[in-house]
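Sequential numbering from 1 along the given sequence is applied to the chain's residues.
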Amino acid sequence: MAEFPSKVSTRTSSPAQGAGASVSALRPDLGFVRSRLGALMLLQLLMIFNISATVLYITAFIACSAAVDLTSLRGTRPYNQRAAASFFACLVMIAYGVSAFFSYQAWRGVGSNAATSQMAGGYA
């Protein structure tokens, strides 16, 4: 225990003159984004975005459809505006739903699982 202090170096370095937060510390790590883990993380974020957008457009579709007055005449301006908004919300909801489905399929890895890839032994 008496030898321990002699083996420890207590020399410290001082930061460069006038250097605050360096620009390289704020730059995103592109190597991580290009890695498999980074790509899966971005895909999962896209999937969460698509699912939440689908839910929001479902509520927009329901709200716009419920706002159409039953007593308003067809062909009038308020009726046409609400019908067009409902139709657009329905189309966007379907598009986000399909995108979320394909994001989930890509995240899950369509057609492959650990058991089949282990059983094939890489000879497939």
Between T54 and G97 (side chain of the first, backbone of the second, donor and acceptor by atom type, cut-off under 3.5 Å), is there such a pair? yes
Would you give the length of the straight line joining atom OG of S86 to atom CZ of F61, rounded to the nearest 0.5 angstrom? 6.0 Å
Is the side chain of S65 donor-acceptor paired with the backbone N or O of I62 at a distance under 3.5 Å, no angle test? no
Could you tell me the separation between the SG atom of C90 and the OH atom of Y57, rounded to the nearest 0.5 Å? 12.5 Å
So L37 and M41, do their side chains get closer than 4.5 Å, heavy atoms only? no
Using 0.5 Å steps for rounding, measure from the CD1 atom of I51 to the OH atom of Y96. 13.0 Å
Would you name the heavy atoms of A100 and M47 that are closest together and state the gap between them? O-CG, 4.3 Å
Same apolar cluster: V92 and F102, side chain cutoff 4.5 Å: yes
I'd like to know if F88 and I58 are part of one continuous hydrophobic network [Ile/Leu/Val/Met/Phe/Trp/Tyr, side-chain heavy atoms within less than 4.5 Å]. yes
Hey, what do you get for CG (L43) to CD1 (I48), rounding to the nearest 0.5 Å? 10.0 Å
Approximate separation, where rounding is to 0.5 Å, of L42 CG and S103 OG: 11.5 Å
Give a yes or no on whether the backbone of A95 and the side-chain of S99 come within a donor-acceptor separation of less than 3.5 Å. no
